[in-house]
**Student:** 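Just passing along the structure, written as structure tokens.
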Protein chains: 2
Amino acid sequence: MVIQRQTLRAQIRAELIERMNAGSLPPGEAINEVHLAAELGVSRTPLREALIALENEGLIQSEQGKGFRFSPVSAKEFEELCPVLAALEGLALELSPPEHLAEIAPQLLQEAREFSANVAEYGVITKYDDEWHDLLLSGCTNERLMDLITTLKLALRRYESVMVKDEQMIERAASEHQLIAERVAAGDIAGAIEALRTNWLNGMQRTLNNFAP
Amino acid sequence: MVIQRQTLRAQIRAELIERMNAGSLPPGEAINEVHLAAELGVSRTPLREALIALENEGLIQSEQGKGFRFSPVSAKEFEELCPVLAALEGLALELSPPEHLAEIAPQLLQEAREFSANVAEYGVITKYDDEWHDLLLSGCTNERLMDLITTLKLALRRYESVMVKDEQMIERAASEHQLIAERVAAGDIAGAIEALRTNWLNGMQRTLNNFAP
DNA sequence: CGACTGAGTAATGTATACAGTGGACGTTGT
DNA sequence: ACAACGTCCACTGTATACATTACTCAGTCG
């Protein structure tokens, strides 16, 4: 085992992401650096560095002289992110070696089926969904692309609390996963990509329906 | 006229980008914060903040305890970036309102034709190319997407000195632009997207041929 | 009564100071 | 001769101090 150290700014960044996902840091709220630094038990320097890093990922915004604020969530941003992720995941799938896809296809199918069975526990669903997508794209060696996808998903995660309202929604997602997996298994990559895009855009629409009821 | 102020970190970021594009900051080179800060006439604090911002854009890398270094250029990174940009620009084109595309089509065509005529001045070509692509995507209102494209192009710009070696290359690019413009003019968006992707991938291939001769 | 002004305050933006780490180099022991 | 160890120096990572800016809220003038 290797004891791995991390810089404070990395730890702070992780902690802030954690808290944002947990919902304890309300979107749109202004950030008081002194207070937040004190609360985290660090000085302002690494905190500011973490904030700047998060700003580039779109989770935080800043304005000259007025400091930082947590990015507000909006239907607009959500509608912007989804098509981009659909395109990028589609590309990642396209760039994956077909032989690798053939290899993981059975597992994809199996997990897609398990998905609809194990929707009992609330909060597990999104993790499940993430892992399934990760597996789907595990063959893509384009690091830059995978980094981008990771970053954008981070921004999307803030919408999850809104997202996971409806069980019907989950079942539909599961069936879509199954469709994608089946096409991958059949070697129909183009079809799988299209199904993947549909999955994203359907998911977006479902969420938007919950957003402003 | 509005006098606009900028934070030091923003100015430093801009200056570093400028210098990287000018080639005065060799890729792969380690960064000495004290020296660079002194050279820029600022303290380490805003410099580090700028470096962290650039790190998230892929222009700079960092390692725990060893500080920052300018990202080395590599055929691998170049090959990773191009398909991503092809996909994202394709998406941006897809998301553009057809009526706007119809409106700018004549200008696109005209500039594509002028392009092949005005290849005389060295160094103007890439600017020309950039502006043409900007015009092509000017109808896309997905800010997030446009930001992404801008950021990725920043990373690509470092490869330009390698890129612009061959005049034949430019002529081919011009003819491809013309093809894209013609399809836009004809209302064939899907065809234009495909031509755009081809343009990117051809450009990549041409550059790679120059990269390791 | 309303709008402008100005001091005061709290926060951000920047500089400097301190602490801890990595690497170079010399030393020592075999 | 060479490997292992220890010391030292330069540099990064973090904390603190300073400067500057933006907001607040009386107070004053029209």
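Every chain is numbered from 1, with letters handed out A, B, ... down the list of sequences. Both backbone and side-chain heavy atoms feed into the values below; hydrogens, waters and symmetry mates do not.
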**Student:** Figure out the CG/P separation between B/L51 and D/dC11, and round it to whole Å.
**Tutor:** 15 Å
**Student:** So what does B/I31 touch, heavy atoms closer than 4.0 Å: a base, only the sugar-phosphate, or nothing?
**Tutor:** sugar-phosphate
**Student:** Would you say that B/R158 contacts B/L59 through its side chain, given a criterion of any heavy-atom pair below 4.5 Å between the two side chains?
**Tutor:** yes
**Student:** Any Lys/Arg nitrogen of A/E176 or A/R206 sitting under 4.0 Å from an Asp/Glu carboxylate oxygen of the other?
**Tutor:** yes
**Student:** Is any side-chain N or O of B/K66 closer than 4.0 Å to OP1 or OP2 of D/dG13?
**Tutor:** no
**Student:** Using whole Å, report how far CD1 of A/I52 lies from C1' of C/dT12.
**Tutor:** 12 Å
**Student:** When you check the gap from the basic side-chain N to the acidic O, do A/E49 and A/R13 get nearer than 4.0 Å?
**Tutor:** no
**Student:** Are B/E55 and B/S62 close enough that a side-chain donor and a side-chain acceptor fall under 3.5 Å?
**Tutor:** yes
**Student:** Please state how far atom CD in B/E49 lies from atom C1' in D/dT14, giving the value in whole angstrom units.
**Tutor:** 13 Å
**Student:** What's the CD-P distance between B/E63 and D/dG13, to the nearest Å?
**Tutor:** 10 Å
**Student:** Side chain to side chain contact (heavy atoms under 4.5 Å, CB included) with A/E89: which of A/N199, A/I193, A/L145, A/L137?
**Tutor:** A/L137
**Student:** Grab the CG-P distance between B/L36 and C/dA15 for me, whole Å please.
**Tutor:** 13 Å
**Student:** Between B/R5 and D/dA22, does any side-chain N or O lie under 4.0 Å from OP1 or OP2?
**Tutor:** yes
**Student:** Atom CG of B/L8 to atom C1' of D/dT21: distance rounded to whole Å?
**Tutor:** 14 Å
**Student:** For DNA chain C, find the residues of residues 40-47 of chain A with a heavy-atom distance under 4.0 Å and give them by number; none if there aren't any.
**Tutor:** A/R44
**Student:** Need to verify one output field. Residue with the more 5' nearest nucleotide on DNA chain D, B/R48 or A/G65?
**Tutor:** B/R48
**Student:** Tell me which nucleotide among C/dG13, C/dA11, D/dT21 gets nearest to the side chain of A/E33.
**Tutor:** C/dG13
**Student:** Separation of A/E55 atom CD from C/dT12 atom C1', in whole Å?
**Tutor:** 14 Å
**Student:** Check whether the side chains of B/Y159 and B/E77 place a donor and an acceptor atom closer than 3.5 Å, and report yes or no.
**Tutor:** yes
**Student:** Side chains of A/Q11 and A/E15: any donor to acceptor distance under 3.5 Å?
**Tutor:** no
**Student:** Using atom CD of A/Q64 as one end and atom C1' of C/dA11 as the other, report the distance to the nearest whole Å.
**Tutor:** 13 Å
